[in-house]
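Encoded as structure tokens, the structure appears first; notes follow it.
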Amino acid sequence: QTLTKKPRDSKQKLSVRKFRSSKRGIGKWTVVWCCDASLSNDSKTVRDWLVCQAHEHGAEFLCLRKAHHFDHWSSLTTKPYVLLTDWRETKHCVATVTGRGLEGRPIFTSVFCIDAAQQVRGKRWAANLAERQDPIYIHGELSSVQSSVARLLSQAVKAQSIDDPQSTQLVEDNARLWPGPCQAEKNACQYRTV
């Protein structure tokens, strides 16, 4: 008898398609970034900032490259989460959570567009969706709307404590601008340019 090599288990296969960051004592909810470029070296500065923001707001952080990875992950999770995604992955991600009913939906979804034309298409698409409990926000590029993301994450924390998803509506406050270091983890989250 010849021995055949066992295939790698599914955790090893997913490791190249996801990035997870959590700290001890946090992780009651998750910030999910679903974007093909989320794991690239070009996105490292933004990814580091998002990790820091997630940790500062008491969340774990998860990067997923494709909507089908999000589909699999979201079918298994029981924690509340927010979804940050790009236009390319948006429709599949939203269809995934919409098909599950009210349970398993994100607190909110933020969609990041690469240009004004894509942003217009995204807003038109979102306006045609049925009314939702989980708001969908359409933004420009992620690197240009960090203050909005920081405000939304702060409001997601509040929404969980009062169990009101509508409290994630954008309001003006003095949110930090990227790429400054996180206040709560100033020493742990230093940004490096790649």
Side-chain angles (χ1 to χ4, degrees), residues 17-19 29-54 56-57 59 61-71 73-74 80-100 105-159 165-180 191 193-194:
R17 294 177 289 203
K18 72 178 184 179
F19 169 87
W29 65 292
T30 306
V31 174
V32 179
W33 186 23
C34 183
C35 174
D36 192 35
S38 66
L39 298 172
S40 72
N41 286 337
D42 294 340
S43 298
K44 186 171 180 359
T45 303
V46 174
R47 186 175 56 245
D48 287 349
W49 179 80
L50 286 170
V51 166
C52 202
Q53 286 295 307
E56 186 173 293
H57 290 92
F61 180 77
L62 176 65
C63 274
L64 300 170
R65 286 190 56 218
K66 293 290 184 184
H68 66 272
H69 300 144
F70 169 75
D71 185 11
W73 175 84
S74 66
Y81 65 95
V82 298
L83 174 61
L84 311 176
T85 186
D86 62 355
W87 177 242
R88 174 178 268 172
E89 306 299 329
T90 297
K91 289 181 181 180
H92 184 79
C93 288
V94 170
T96 293
V97 297
T98 302
R100 294 197 178 119
R105 287 192 180 194
I107 298 168
F108 67 85
T109 300
S110 280
V111 180
F112 301 98
C113 302
I114 58 171
D115 59 25
Q118 198 177 69
Q119 197 170 356
V120 168
R121 281 194 310 269
K123 287 181 180 183
R124 190 174 28 229
W125 168 80
N128 289 324
L129 292 174
E131 193 170 320
R132 310 174 62 85
Q133 289 284 345
D134 52 321
I136 296 176
Y137 300 106
I138 307 295
H139 306 281
E141 288 190 50
L142 179 57
S143 61
S144 65
V145 294
Q146 291 81 16
S147 61
S148 295
V149 172
R151 281 192 302 273
L152 285 169
L153 292 178
S154 294
Q155 292 171 31
V157 173
K158 292 175 190 171
Q166 294 305 316
S167 66
T168 57
Q169 297 296 323
L170 275 175
V171 295
E172 292 300 320
D173 67 347
N174 295 323
R176 217 172 10 271
L177 293 177
W178 175 84
Y191 299 105
T193 53
V194 177

Hey, what do you get for [atom1] ([X]) to [atom2] ([Y]), rounding to the nearest 0.5 Å?
X: Arg47; Y: Asn41; atom1: CZ; atom2: CG; value: 7.0 Å
X: Ile107; Y: Trp29; atom1: CD1; atom2: CH2; value: 5.5 Å
X: Trp87; Y: Phe112; atom1: CH2; atom2: CZ; value: 14.0 Å
X: Phe108; Y: Ile136; atom1: CZ; atom2: CD1; value: 12.0 Å
X: Asp71; Y: His92; atom1: CG; atom2: NE2; value: 4.5 Å
X: Arg105; Y: Thr98; atom1: CZ; atom2: OG1; value: 4.5 Å

Legend entry - Polar contact flag, side-chain donor to acceptor under 3.5 angstrom, Arg151-Ser154: no

Legend entry - side-chain hydrogen bond (donor to acceptor under 3.5 Å, both in side chains) partners of residues 109-128, not counting sequence neighbours, each pair once: Ser110-His139

Inset, instruction - Begin with the C-alpha distance, continue with both residues' side-chain angles, and end with the deciding distance and a verdict on side chain to side chain contact (heavy atoms under 4.5 Å, CB included) for Phe70 and Thr85. - result: CA-CA 10 Å; Phe70 169 75; Thr85 186; over 6 Å; no

Legend entry - All salt bridge (Lys or Arg N to Asp or Glu O under 4.0 Å) counterparts of Arg88, not counting sequence neighbours: none

Legend entry - salt bridge (Lys or Arg N to Asp or Glu O under 4.0 Å) partners for Asp86, two or more places apart: none

Should [X] and [Y] count as side-chain neighbours, where that means a heavy-atom distance under 4.5 Å?
X: Val32; Y: His69; answer: no
X: Leu84; Y: Cys34; answer: no
X: Leu64; Y: Trp33; answer: no
X: Leu62; Y: Val31; answer: no
X: Leu50; Y: Phe61; answer: yes

Legend entry - Ring-ring centroid check Tyr81 Trp73, cutoff 6.0 Å: yes

Inset, instruction - With sequence neighbours left out, write down each residue that passes side chain to side chain contact (heavy atoms under 4.5 Å, CB included) with Ala37, or none if nothing qualifies. - result: Cys35, Ser40, Ser43

Legend entry - Non-neighbouring partners of Ala127 that pass side chain to side chain contact (heavy atoms under 4.5 Å, CB included), sequence neighbours left out: none

